[in-house]
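Working notes, structure below.
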Amino acid sequence: MDFSMISRSGLTQREFGEMCGVGRVTVNLWIAGKMGPHRYIRDTVERALETVSAALDTGKLPFSNTATKDERQAAVTRMATEVRDTQTT
């Protein structure tokens, strides 16, 4: 899995963790290569990375410098919902 796109996207580790249902520390361990996603959430993490990649391709990420905290949170929530909705279909 290519976690480099997380930093390229401008997402914080906490924001990406929210998309996957894990905490910032867990994402940090993935990025550092100290551990990989558990097999139970590996598909979710792959979908989250695909969502981030698509957002980069369409210009939705990285966030503009003028994006407020509320705007960032709303966008992360939308992406997390997209990841979960993809999981159920």
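For this chain, numbers begin at 1 and follow the sequence in order. No hydrogens, no waters, no symmetry mates; every other heavy atom, side chains included, goes into these values. Quick caveat: nothing in here was measured; it's all calculated off a predicted structure.
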Problem set entry | Intermediate values then yes/no, side chain to side chain contact (heavy atoms under 4.5 Å, CB included), Arg14 and Val27 | CA-CA 8 Å; Arg14 183 199 59 78; Val27 174; over 6 Å; no
Problem set entry | Contacts of type side-chain contact (heavy atoms from CB on, under 4.5 Å), residue Ala67, not counting sequence neighbours | Phe63, Ser64, Glu71, Arg72
Exercise. Side chain to side chain contact (heavy atoms under 4.5 Å, CB included) between Met19 and Leu11: does it pass, once the steps are laid out?
Worked result: CA-CA 10 Å; Met19 291 175 62; Leu11 290 171; 4.1 Å; yes
Exercise. Which residues pass the side chain to side chain donor-acceptor pair (under 3.5 Å) test with Thr58, sequence neighbours left out?
Worked result: none
Seminar exercise, completed: For Leu56 and Ser9, the nearest pair of non-hydrogen atoms, with its separation, is CD2-CA, 3.7 Å
Exercise. How far does CE of Met79 sit from CZ of Arg47, to the nearest 0.5 angstrom?
Worked result: 15.5 Å
Exercise. Can you tell me how far the CE atom of Met5 sits from the CG atom of Leu49, to the nearest 0.5 Å?
Worked result: 5.5 Å
Exercise. Does Leu29 share a hydrophobic cluster with Tyr40, counting links as ILVMFWY side-chain heavy atoms below 4.5 Å and allowing steps through other members?
Worked result: no
Problem set entry | Nearest non-hydrogen partners of Glu15 and Val76, listed with the distance | O-CG1, 3.6 Å
Exercise. Between Arg78 and Glu82, does a side chain to side chain contact (heavy atoms under 4.5 Å, CB included) hold up when you go through it step by step?
Worked result: CA-CA 6 Å; Arg78 280 192 301 275; Glu82 183 179 327; over 6 Å; no
Exercise. From Glu46 CD over to Thr51 OG1, what is the distance, rounded to the nearest 0.5 angstrom?
Worked result: 11.5 Å
Problem set entry | Residues which pass side-chain contact (heavy atoms from CB on, under 4.5 Å) with Thr77, listed by chain and number, not counting sequence neighbours | Glu18, Gln73, Thr81
Seminar exercise, completed: Nearest heavy-atom approach of Val45 to Met1 is CG1-SD, 3.7 Å
For this session: To the nearest 0.5 Å, tell me how far His38 NE2 sits from Thr44 OG1.
Result: 12.5 Å
Exercise. Given the rule in the side chain to side chain contact (heavy atoms under 4.5 Å, CB included) test, do Arg24 and Thr12 qualify, once you have shown the distances and angles that lead to the verdict?
Worked result: CA-CA 8 Å; Arg24 178 198 61 81; Thr12 65; over 6 Å; no
Problem set entry | Asp2 and Ser4: side chain donor to acceptor below 3.5 Å | yes
Exercise. Which heavy-atom pair separates Val22 from Ile41 by the least distance, and what is that distance?
Worked result: CG1-CD1, 3.6 Å
For this session: For the pair Phe16 and Trp30, name the ring-plane relationship: parallel under 30°, tilted 30 to 60°, perpendicular over 60°.
Result: perpendicular
